[in-house]
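Just so you know, these numbers use all the heavy atoms, side chains as well, and skip hydrogens, waters and symmetry mates.
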Amino acid sequence: MGFADQRFNVNLSILFTELPLLERPAAAAAAGFTAVELWWPWVDSPTPEQSELDALKKAIEDAGVRLTALNFYAGQLPGPDRGALSIPGEESERFRANIDVAADFAASLGCGALNALYGNRVDGVDPAEQDALALENLTLAARAADRVGAILLIEALNRPESPKCPIVSAPKAVEIVDKVNAATGLGNARFLMDLYHLSMNGEDLPSVIERYAAKTGHVQIADNPGRGAPGTGSLPLEELLDQLRKAGYDGLVGLEYKPGDRPSAEAFEWRPRDAR
């Protein structure tokens, strides 16, 4: 089991970034992958021109890959931001403007998972105010996801790299999942289990899997230390994925790691080409 019994998708916002956005789906296909995921590609625009959306849709379709997960607008990512939905004012409004745009784009490609990053704490703003705003926006996002037959993902980041983000543990992320499901009654909010982020937090990964596999809608991996490909760090990723499968997780695993000082196409030696 482990790697041998698992299918993966490639995150085109961290891998193949040496290429223009519209060339990345074909590059992933050329590397042997059939599925991809993306952070929101237009970091400066929650509502890009329809022509830009159409061009990316065509690039994905022409490459013959499936888009299986997409982030809502999350501000400058990569960069200083960690989401927009809990930030009062303009950023919250940008997130709301993006909700239906992202949901409709996902639906146009049969993408069934939308990830909503929570955002950083803001100096001088009551955390309770941010949390109330976040729940409002997550409720809107969950309803939009449900409208297009998708799940809403809530991700825990890691405290060392995201010190201002309040969602930096598996229990906290699952707490938000439960609050959103209670608010909507839809039951489509799920935990995004990123094993790299959780390991950076020092969490007991086998225990996290045991406790939360049933509430997990997507899994992402990178090795630690270094956020590189499997085998470049010390995480027992094969064992952890084996445990996830035995616990009932049968979805794709997102490759959200850095390729290092080499082209992305060379960062997959750990995986036989015919098994990607």
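- In this structure, the side chains of Ile176 and Leu138 come closer than 4.5 Å at one or more pairs of heavy atoms.
- For Arg262, the side chain to side chain donor-acceptor pair (under 3.5 Å) criterion is met by Glu269, not counting sequence neighbours.
- Taking the side chain to side chain contact (heavy atoms under 4.5 Å, CB included) definition, one finds that Ala35 meets it with Asn9, Arg66, Thr68, Leu252, sequence neighbours left out.
- Residues His218 and Glu155 have side chains that never bring a donor and an acceptor to within less than 3.5 angstrom of each other.
- We find that Arg121 and Asp126 are not joined by a salt bridge, their nearest charged nitrogen and carboxylate oxygen being 4.0 Å or further apart.
- At a threshold of 4.0 Å, the pair Asp223-Arg227 does not count as salt-bridged, since none of the basic side-chain nitrogens sits closer than that to a carboxylate oxygen.
- Using a 4.5 Å heavy-atom threshold, the side chains of Gln6 and Arg245 count as touching.
- Every side chain to side chain donor-acceptor pair (under 3.5 Å) that Asn158 has, sequence neighbours left out, goes to Glu161, His197.
- A donor atom on one side chain and an acceptor atom on the other are not found under 3.5 Å apart for Glu203 and Ser169.
- When atom types are taken as modelled, the side chain of Arg82 and the backbone of Leu117 share no donor-acceptor pair closer than 3.5 angstrom.
- For Phe33 and Phe268, the distance between ring centers is under 6.0 angstrom.
- Salt bridge Glu175/Lys172: present, at least one basic N to carboxylate O contact under 4.0 Å.
- Side chain to side chain, Tyr118 and Asp131 meet the donor-acceptor criterion of an N or O pair below 3.5 Å.
- Side-chain contact of Gln243 with Glu210: a donor-acceptor pair under 3.5 Å is absent, judged by distance alone.
- For Tyr196, the ring-ring contact (aromatic ring centres under 6.0 Å, His included) test picks out no residue, with sequence neighbours left out.
- Applying the side chain to side chain donor-acceptor pair (under 3.5 Å) test to Arg147 and every residue at least two apart in sequence or in another chain returns Asp100, Asp104.
- Checking Lys179, Arg143, Arg96 one by one against Glu136, the salt bridge (charged side-chain N to carboxylate O under 4.0 Å, His left out) holds for a single residue, Arg96.
- Listed by first and then second residue, the ring-ring contact (aromatic ring centres under 6.0 Å, His included) pairs involving residues 66-115 are Phe72-Phe95 (not counting sequence neighbours).
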